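Treat the numbers as computed from the prediction; the structure is a model and nothing was measured. In what follows, chains carry the letters A, B, and so on, assigned in the order in which the sequence lines appear, proteins first and then strands, with residues in each chain numbered from 1.
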Amino acid sequence: MLNPSPPDKTPESRRTQMYKGALELALLSLLGDGAQYGLRILDSLRDQAGLDLSEGTLYPLLHRLEKAGLITAEWRHEQDASHPRKYYGLTEAGVADLVEQRRTWLDMTGRLNAFLTRGGQ
Amino acid sequence: MSDPVEIWMRALAHGLRHLPEAAQDDILAEVRTAIRDRIEQGLTSEQALAGFGSVATFARSFDEAADFNAAVARRQRLEAIAVLIEELGRSVTIGFGLVSATACVLLATRIVLLAWRMPGWLPYLGAWTLPAAVLTLILLAVAARFSARLAIRRLRAARSL
């Protein structure tokens, strides 16, 4: 009998799969604190949320969320910067979506955590 | 002109050529800024570019297929079909599927009209005509469905984030 090839179950691949669901929420939450540009977003998500994503993941996601109307972007040349950067912030729809996603996430993870630790496991 | 950043940016521009010009310019400007930021942080050009991964994959991820994935996920079939039509020029599979689907609809319409308007003519067409038409219809429908599913799978695999 042929068995399907085993899925990649390294800790790294597991984290990557789990991150995918949380990434959009974490990004919207970060932008809820104020507009940020790409590199600052990468650093903040890595340092504050433990999400070590790459530019290759972040920029297409930002592009998709902008097209979806959840975030907006503008070029700014800050005084202390050597060049203009593209800053992203939440739209009203993004704020509403963040509230909804956060509620869903907290409800889901709360229940799941309780389930996973049932009986003192 | 052996600057790896410029070579990479040219490849990215080529990969983004299907997007509207304003979107291309905006993405290219932002990516160039991000690379510059990384280099100012002390990374080499190669290290700065490594974060973006394969230039072809990176370019594809900006494509309209993101809308397509969302439409399929929301089961908005008309929107998904609209994106498939937009992708028509770049995929033989999608082209075959849409041609099959169109032929399927035309043939089905023809059979219904023939049976409805001129039922008396059917016996004169030969006993094989109607079964052959129905069989062709089924084959076209299967081909269209198979092509659509294959195209959806490929688009999702190529452009999922």
Turns out that what part of A:Leu53 lies under 4.5 Å from chain B's heavy atoms comes down to neither

Interatomic distance, CD@B:Glu30 vs CH2@A:Trp75, rounded to 0.5 Å, equals 5.5 Å

When rounded to the nearest 0.5 Å, the distance separating CD of A:Glu55 from CD1 of B:Ile35 is 8.5 Å

Max heavy-atom pairs within cutoff under 4.5 Å with chain A, candidates B:Ala34, B:Gly51, B:Gly53, goes to B:Gly51

Check this for me: B:His14, atom NE2, are more than 12 non-hydrogen atoms of other residues, nucleotides or ligands nearer than 6.0 Å?
no

Contact list (residues 37-47 of chain B to chain A, heavy-atom gap under 4.5 Å, by number) returns B:Asp37, B:Arg38, B:Glu40, B:Gln41

query: Which class fits the ring pair A:Tyr59 and B:Phe52: parallel under 30°, tilted 30 to 60°, perpendicular over 60°?
result: parallel

- Item | Same apolar cluster (I L V M F W Y, side chains within < 4.5 Å links), A:Val99/A:Leu23 | no

Step by step, would you call A:His63 with B:Ile27 a side-chain contact (heavy atoms from CB on, under 4.5 Å)? CA-CA 9 Å; A:His63 183 78; B:Ile27 293 168; 3.8 Å; yes

Whatever's closer than 4.5 Å to a heavy atom in chain A on B:Ala29 counts as both

Scanning both residues in full, the closest heavy-atom pair of B:Phe58 with A:Pro60 reads CE1-CD, 3.7 Å

